[in-house]
Amino acid sequence: MRNQAYLLGVLLAGTVLGASLPFQTARAQIPPSVETPGPDNDTPVAEQATSSIFHDPAPGTPQPPSVNPANLPDIDELAIDQLPQAVPQQSANPKPEDWPAYGRDDQATRFSPLTQITPENVGKLQRAFVYHTGSLPPKDKPNKWAAETTPIKVGDSLYLCSATNDMMRVDAATGQEKWHFHAHESYDAIPYTAACKAVTYYTSSTAAEGQPCHNRIIESTLDNRLIAVDADDGKLCESFGHGGQVNLMQGMGWSVPGFVAMTTAPPIINGVIVVNHEVLDGQRRWAPSGVIRGYDAESGKFLWAWDVNNPNDHHQPDKDHYYSRGTPNSWAAMTGDNALGLVYVPTGNSAADYYSAMRSDAENKVSSSVVALDVRTGEPRWVFQTVHKDVWDYDIGSQATLFDYHADDGSVIPALIMPTKRGQTFILDRRTGKPLPDFPVVEKPAPSPGFVKDDPRAPTQPWSVGVPRLGFPPLTEAATWGISPLDQLACRIKFRRAHYVGEFTPPTIKQPWLEYPGYNGGSDWGSISYNPQTGIMLANWSSLPMYDQLVSRKKADKMGLIPIDSPQYNPGAGGAEGNGAQAQTPYGIVVTPYWNSFTQMMCNEPPYGLITAIDLKAHKVLWQKPLGSARANGPWGIPTGLPLTIGTPNNGGSVMTAGGVAFIGASTDNQIHAIDLKTGKTLWTDVLPGGGQANAMTYAVNGRQYVAIMAGGHHFMRSPVSDALVVYALPEGDKK
């Protein structure tokens with residue numbers, strides 16, 4: 001009977017269906033006739049009259065103004081030798097009770113040395129308080145909310161941001177609000193998602209202790225501002241930028257609200273704030289630049305830029321120029337290295353994810369890579385590429401984690417862990433970018449040359465050796481899945497109609513192709529957690545294939561695939577994720593899940609989400625378990641209510657503790673899970689008021705350990721949206 005119940009749960013729950021991530025927008029609007037478009041080689045239609053502004057101009061060509069958030073004045077440039085001598089802001093070993101940065105420490109380990117909560121007492125956890133940010137979707141607007149927030153904790157306070165960049169200081173023991181800064185974001189500034197992953201804590205080296213803005217909270221915003229407020233009272237730091245704010249659209253050229261946005265906490269390395277930003281995928285070849293920039297943490301003045309197609313010019317453009325357009329952008333959290341003076345930048349693709357023929361050699365060398373930039377000059381020190389000539393949207397969404405690797409010969413190597421959407425985890429020497437000898441990288445033959453004229457694929461791709469892969473074997477027709485024989489048959493027909501030759505199957509025009517892992521497979525922005533005491537890495541990941549096809553420009557126009565900066569833009573036809581116009585290239589893109597379009601159940605076998613513990617020293621998996629239950633998932637989007645662990649898609653990450661327990665939300669069952677680090681057994685769960693698509697964290701106040709998670713939900717994972725930060729602790733007086 002028990003086995004029958006489990007089978008029923010799998011059949012009913014299978015996947016999170018629509019929750020298989022950013023697909024619901026594209027799904028509803030794709031006409032049946034274009035799910036598998038036929039060949040159509042018509043030449044691209046003409047761009048609108050404004051098309052001349054979308055490519056790099058001749059020197060001296062006047063350009064339209066960029067979007068200017070809050071009408072801020074331009075910021076001055078500061079010579080690098082004028083940069084004040086700064087004190088590194090975080091220790092590799094912060095106070096055990098604190099969580100002063102997005103990844104807890106400057107190595108982004110997401111590991112806490114706290115030991116009060118253990119496998120023996122975790123079942124006693126209860127809610128200590130719930131804090132509400134006040135940020136929720138307007139009733140008359142489409143829901144774009146997905147807060148993704150991880151609070152930081154310094155002293156007796158939590159500091160956090162809302163989905164729309166309000167900042168708050170909250171008593172870490174009671175949840176009482178101490179101040180609330182209103183960022184006044186407009187709805188139009190929201191790109192695909194309203195999200196703010198974290199704020200940054202900074203102690204000034206020029207403002208004396210006891211003076212205003214000695215300690216600061218800094219954030220980058222959806223409408224491209226850099227804002228600094230006093231950590232004590234939440235008031236703007238008048239000496240920073242222009243009255244506490246910097247316009248980060250300066251030098252970006254033509255754009256519209258929502259095309260460019262910032263969702264991560266900017267790291268500060270030796271007094272330099274390094275900012276990156278997302279540029280909406282799938283819009284046009286000459287989208288705004290993916291430039292990376294450095295600013296003085298004291299004054300907010302500009303220091304340098306790394307502009308891929310202008311590698312020798314690190315200055316701001318004058319009013320008649322802008323940073324090179326369409327270059328790879330970086331939207332994931334970056335990691336700073338104070339000792340080496342480097343920032344590690346995870347990059348994505350050049351604009352137009354699924355077509356690479358128009359990319360420059362410089363762009364091809366740094367896309368889907370880890371790039372180490374010198375924080376005093378903006379010069380690249382090294383580049384390690386995880387995918388060559390990426391046309392699968394395998395941009396790096398994870399934050400790099402730093403650690404010291406103790407080799408067998410007794411040497412200690414400063415190292416870096418880089419998870420990827422492919423499920424490949426690369427271990428690099430962070431001084432040089434070269435793979436560690438114990439974790440070599442090999443180039444394996446890849447399907448080539450491809451099917452798109454003048455756009456051949458790379459003959460090989462990099463594979464990590466020494467770290468077990470987060471993934472399953474290639475798809476097969478025999479393993480095609482369905483909740484009934486008819487569903488399975490429909491999926492088998494779909495498999496046969498597609499081109500598929502394993503990982504890195506090249507894009508096709510005459511038929512769909514299967515992409516596996518999909519662009520939301522493997523590790524994404526939740527990243528990994530790492531215990532430096534044991535050498536164990538904990539990673540949650542998804543297994544979600546995609547069903548893709550390039551379409552001619554004529555067909556893309558017929559489908560209404562128009563870029564966001566065009567007056568005719570229709571977000572219902574395609575936008576940031578899924579279907580895209582890819583304007584100024586010969587092809588648009590159709591992207592759907594590999595699922596039965598009737599039941600919206602995936603065609604590959606469950607589980608669709610897992611969590612894996614890997615001993616990096618021993619190069620082996622300690623345990624691997626499905627993550628997420630069927631309670632809130634089912635066919636047609638109907639929750640089954642079944643408490644069976646079947647493994648759902650997940651986004652958000654874990655925290656490990658020295659007490660032997662890991663905490664994670666991430667899955668689409670809307671729960672927080674406590675997991676035994678020795679066995680992988682789930683020890684405790686609690687149903688959250690919204691989806692737990694954020695990284696959990698832990699801290700202590702007055703000897704009491706707390707666990708916190710933002711239950712903000714996620715619009716494209718279809719988990720309930722809320723504004724609740726939920727904080728847990730053992731009962732008062734129960735510290736065992």
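Bear in mind that the values here come from a model prediction, so they are computed numbers and not experimental data.
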**Q.** Residue pair Thr118 / Glu120, side-chain donor-acceptor N/O under 3.5 Å
**A.** yes

For the residue pair Thr648 / Thr668, report whether a side-chain donor-acceptor contact shorter than 3.5 Å exists. yes

All heavy atoms of Val260 vs all of Asn224, minimum pair found to be O-ND2, 2.9 Å

Result for side chain to side chain contact (heavy atoms under 4.5 Å, CB included) between Tyr608 and one of Pro649, Pro626, Ser667, Ser542 points to Pro649

Item to complete: Spell out, as yes or no, whether a donor-acceptor pair under 3.5 Å connects the side chain of Arg631 to the backbone of Asp669.
Response: yes

With a 4.5 Å limit on heavy-atom distance, are the side chains of Lys625 and Lys681 in contact? no

Worksheet entry | Exam field: side chain Tyr530 to backbone Ile417, donor-acceptor pair closer than 3.5 Å | no

Review point. With distance as the sole test, does Asp723 use its side chain to make a donor-acceptor pair with the main-chain N or O of Gly134 at under 3.5 Å?
Key: yes

Heavy-atom check, side chain of Asn520 versus side chain of Asn651, under 4.5 Å
yes

Here the gap from Thr221 atom OG1 to His277 atom NE2, rounded to the nearest 0.5 Å, amounts to 12.5 Å

Here the pair of heavy atoms bringing Met249 nearest to Ser255 is CE-CB, 3.7 Å

Any side-chain donor paired with an acceptor under 3.5 Å for Gln399 and Arg110? yes

- Check whether the ring centres of Phe663 and Tyr728 lie less than 6.0 Å apart, and answer yes or no. no

In this structure, CD of Glu219 is separated from CG of Leu160 (nearest 0.5 Å) by 10.5 Å

*asked:* Could you tell me if the side chain of Met418 sits less than 4.5 Å from the side chain of Tyr344, heavy atoms only?
replied: no

Next on the checklist: Would the distance check show the side chain of Lys153 and the main-chain N or O of Gly155 forming a donor-acceptor pair, the cut-off being under 3.5 Å?
Outcome noted: yes

Separation between CD1 (Ile190) and NZ (Lys144), nearest 0.5 Å, reads 6.0 Å

Here the gap from Asp106 atom CG to Leu402 atom CG, rounded to the nearest 0.5 Å, amounts to 7.5 Å

Closest heavy-atom pair, Ile396 versus Ala332, reported as atoms and distance to 0.1 Å, is O-CB, 3.5 Å

When rounded to the nearest 0.5 Å, the distance separating OG1 of Thr263 from CG of Asn276 is 8.0 Å

- [ ] Could you tell me whether a side-chain N or O of Gln671 sits under 3.5 Å from a main-chain N or O of Thr685, the two making a donor and an acceptor?
- [x] no

Would you call the rings of Tyr192 and Phe716 parallel, tilted or perpendicular, taking 30° and 60° as the class edges? parallel

Distance col, row Ser205:OG vs His214:NE2, nearest 0.5 angstrom, shows 9.5 Å

Are any of the side-chain heavy atoms of Leu342 and Ile269 separated by less than 4.5 Å? no

Looking just at side-chain N and O atoms, do Trp145 and Ser135 make a donor-acceptor pair shorter than 3.5 Å? yes

Do side-chain atoms of Thr698 reach the backbone of Tyr706 as a donor and acceptor pair under 3.5 angstrom?
-> yes

### Query
Any donor-acceptor pair under 3.5 Å linking the side chain of His242 with the backbone of Asp74?
yes

**Prompt:** Going by heavy atoms in the side chains, are Phe181 and Asn165 under 4.5 Å from each other?
**Reply:** no

Check your understanding: Does the Thr109 side chain pair with the main chain of Arg104, one donor and one acceptor, at a distance under 3.5 Å?
Key -> no

Shortest non-hydrogen pair, Pro346 vs Ala333, comes out as CG-O, 3.6 Å

*Taking everything shown except Gln126 itself, do over 12 heavy atoms lie less than 6.0 Å from its CD?*
yes

Arg704 with Glu732: basic N within carboxylate O range, under 4.0 Å: yes

* Check: Leu72 main-chain N/O paired with Gln245 side-chain donor or acceptor under 3.5 Å -> no

**OP:** Give a yes or no on whether the backbone of Ala195 and the side-chain of Thr193 come within a donor-acceptor separation of less than 3.5 Å.
**Re:** no

Could you list the donor-acceptor pairs under 3.5 angstrom formed by side chains in residues 227-236, with sequence neighbours left out?
from, atom 1, to, atom 2, distance (Å)
Asp230, OD1, Asp232, N, 2.7
Asp230, OD2, Cys213, N, 2.7
Asp233, OD1, Lys235, N, 2.9

